[in-house]
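The analysis underlying the following values was restricted to heavy atoms, covering all of them including side chains, and did not include hydrogens, waters or symmetry mates. We number each residue from 1, following the sequence as shown.
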Amino acid sequence: MSSTLFRTKKVEQSILDTEEPEHALKKSLSALDLTVFGVGVIIGTGIFVLTGTVAKDNAGPATALAFVAAGVACALAALCYAEFASTVPVAGSAYTFSYASLGELPAWIIGWDLVLEFALGTAVVAVGWSGYIQSLMENAGWTMPAALGSREGADAFGFDILAAALVLVLTGILVVGMKLSARITSVVVAIKVTVVLVVIVAGAFLIKGDNYDPFIPKEKPVEAGASLDSPLIQLMFGWAPSNFGVMGIFTAASVVFFAFIGFDVVATAAEETKNPQRDMPRGILGSLVICTTLYVLVSIVVTGMQHYSELSVDAPLADAFKATGHPWFAGFISFGAAVGLTTVCMILLLGQTRVFFAMSRDGLLPRFFSRVHPRFKTPHRPTILLGVIIAVLAGFTPLTELAALVNIGTLFAFVVVAIGVIILRKSRPDLPRAFRTPWVPVIPILSICASLWLMINLPAETWVRFAIWMAVGFLVYFLYGRTHSRLARGEAAKEQPSAGGGGTP
């Protein structure tokens, strides 16, 4: 049984599967498209939504250092992703990489994890987008009814109708085609980057030095609704971290880490890239460098404009300009953020559908979902299914509960990809690699350590929810995936002649 659980799918077979007419995605993306996708998804929630949360509850002005710490962890993982994406240019990202290096069960686990990660990520961003739209409405003098507005502080039976509507509209766009998605993303990213630069330049003139005192808060800035102390650290090292001080920076890094998951979404589009061997590393690494720099600058400016204890949670950038007496900038930022977050939501949804599509093409999920649209050549069936589910999720689930669960799923994927790079270097040294992760196994090991460190800084509740999702995943695999996978059917076909006592081969 153990041999079947860890059976690997050859890289050559994975690439060959992409050429089947009924299951083949259209290759239409360039290096510029990938970079735009990366910037489009990375610049979003981390700046426009989560900055205020982590500054108030964890790191204060040192939120900039949290972004640096998260960026370093992502850079290590990005080097591993770049090698895999250029070597195995197939939809599915970490799932496909794991199938080629670790085996079927680890691939299923990471694929199941990615489905959760991207689904919740899409819901988080949709809720954040709704918050900025409501801020624009308030500027115009109209307030959204509590039962139909943001879930933060809303009634128990409320539904965020704006967040749900956004997901459904983007689902329709993704069904129509990747090139349309890329064109829309390019326009929106230009608007979003302009807004970010306006925040940095205009906000720099409104900075007050007193707001940086203390730069690293030594005591809890506000009474958080739920403790982020990690019992795992106490269990492993014999001491419990606090939500502030130096440890608050690492806790904040674990939260804002959500903002960096864009580059692994870029990897899911490898199969739809014209020249993936050359362009995937450029898109992954280039977008990460650009966005980390902007993140750090924005967080320094915003915490300098308004004291960290007074930053808002729903729309920190816009509300910071309001507090300094510049409502026009606040409206401009709310507009840019609302427009910009649409691309984050769309690309995360794109990433999830490609992972789901790859798993169904391998038979681990029903093959019904692996057929592409006859005209648009997109995986329309999983896109519609997942779009509806995420729309409902975005309408009912609070932002803070979603974000932490997305982070642990992403970090888990990073660990698996780093391990996969080491194993594939040993098992398949003959594979042509357009990009090679430097200093293997040192870089992958550092990536594993950094990801695990951020994981253990996450709340215990997040680990419990993650464990439940993984348990459900194991159940689905052993009841369906293990016997329906294409590798399992291939092995059964090989054994059938001997079992039949003289059948024709």
### Query
Closest heavy-atom contact between Gly111 and Val355?
O-CG1, 3.9 Å
### Task
Evaluate the criterion side-chain contact (heavy atoms from CB on, under 4.5 Å) for residue pair Leu5 and Arg482; output intermediate values, then yes/no.
CA-CA 8 Å; Leu5 296 181; Arg482 188 170 69 89; 3.6 Å; yes
## Note on the structure
For Phe67 and Phe260, the nearest pair of non-hydrogen atoms, with its separation, is O-CZ, 3.6 Å
### Query
Between Ser360 and Pro366, which heavy-atom pair has the shortest distance, and what is it?
CB-O, 3.2 Å
#### Entry: Phe335 CZ: over 12 foreign heavy atoms closer than 6.0 Å
no
### Query
Between Arg425 and Glu83, is there a side-chain N and carboxylate O pair less than 4.0 Å apart?
yes
### Side chains of Ser101 and Thr8 in contact at under 4.5 Å (non-hydrogen atoms)
no
### Message
Treating Thr63 as the side-chain partner and Ala59 as the backbone partner, does any N or O pair qualify as donor plus acceptor under 3.5 Å?
### Response
no
### Query
So do Leu285 and Phe435 actually touch side chain to side chain, heavy atoms under 4.5 Å?
yes
### Query
Does the side chain of Leu174 reach to within under 4.5 Å of the side chain of Thr378, using non-hydrogen atoms?
no
### Query
Under 3.5 Å, is there a donor-acceptor pair between the Ser309 and Lys56 side chains?
no
### Query
Just how far is it from atom OG of Ser98 to atom CG of Leu424, taken to the nearest 0.5 Å?
10.5 Å
### Message
Please determine whether a side-chain nitrogen of the Lys or Arg among Arg354 and Glu272 lies less than 4.0 Å from a carboxylate oxygen of the Asp or Glu.
### Response
yes
### Query
Parallel, tilted or perpendicular: which fits the ring planes of Trp469 and Trp112, with parallel below 30° and perpendicular above 60°?
parallel
#### Entry: Polar contact flag, side-chain donor to acceptor under 3.5 angstrom, Tyr95-Asp362
yes
#### Entry: side chain to side chain contact (heavy atoms under 4.5 Å, CB included), paired with Leu79, selected from Val440, Thr437, Val421, Leu288
Thr437
### Task
Assess whether side-chain contact (heavy atoms from CB on, under 4.5 Å) is satisfied between Ser485 and Glu104, documenting all intermediate values.
CA-CA 9 Å; Ser485 75; Glu104 185 172 280; 3.0 Å; yes
### Task
For residues Ile445 and Ile422, determine if any side-chain heavy atom of one lies less than 4.5 Å from a side-chain heavy atom of the other.
yes
### Message
Test side-chain contact (heavy atoms from CB on, under 4.5 Å) on Phe412 and Val416; report intermediate values, then the result.
### Response
CA-CA 6 Å; Phe412 179 67; Val416 173; 4.2 Å; yes
### Task
State which residue, out of Thr343, Val339, Leu341, fulfils the side chain to side chain contact (heavy atoms under 4.5 Å, CB included) condition with Lys192.
Thr343
### Query
With a 6.0 Å cut-off on ring centres, are Phe369 and Phe357 close enough?
no
#### Entry: Thr51 vs Val298 side-chain heavy atoms within contact, under 4.5 Å
no
### Message
Could you check whether Asp160 and Ser130, counting side-chain N and O atoms only, form a donor-acceptor pair closer than 3.5 Å?
### Response
yes
### Task
For Glu271 and Val90, indicate whether the former's side chain and the latter's backbone hold a donor-acceptor pair under 3.5 Å.
no
### Message
As a quick check of understanding, evaluate side-chain contact (heavy atoms from CB on, under 4.5 Å) for His484 and Leu364, giving each step before the final call.
### Response
CA-CA 6 Å; His484 287 79; Leu364 295 176; over 6 Å; no
### Side chain Thr96, main chain Ala91, donor-acceptor under 3.5 Å
yes
### Query
Under the ring pair (Phe, Tyr, Trp, His ring centres under 6.0 Å) test, which residues partner Phe118, sequence neighbours left out?
none
### Query
So do Tyr81 and Ser93 actually touch side chain to side chain, heavy atoms under 4.5 Å?
yes
### Task
Locate the shortest heavy-atom distance separating Ala413 from Glu117; write the atom from each residue and the value.
CB-OE1, 4.4 Å
### Message
Check whether Asn211 reaches the backbone of Gly304 with its side chain - one donor and one acceptor, N or O, closer than 3.5 Å.
### Response
yes
### Message
Can you confirm whether more than 12 heavy atoms, excluding those of Phe250, are under 6.0 Å from its CZ atom?
### Response
no
### Task
Would you name the heavy atoms of Val256 and Ala70 that are closest together and state the gap between them?
CG2-CB, 4.3 Å
### Message
A side-chain contact here means heavy atoms from C-beta on lying under 4.5 Å apart; do Trp108 and Phe474 qualify?
### Response
no
### Query
Is there a donor-acceptor pair under 3.5 Å between the side chain of Thr292 and the backbone N or O of Val289?
no
#### Entry: Sub-4.5 Å side-chain heavy-atom contact between Tyr99 and Val88
no
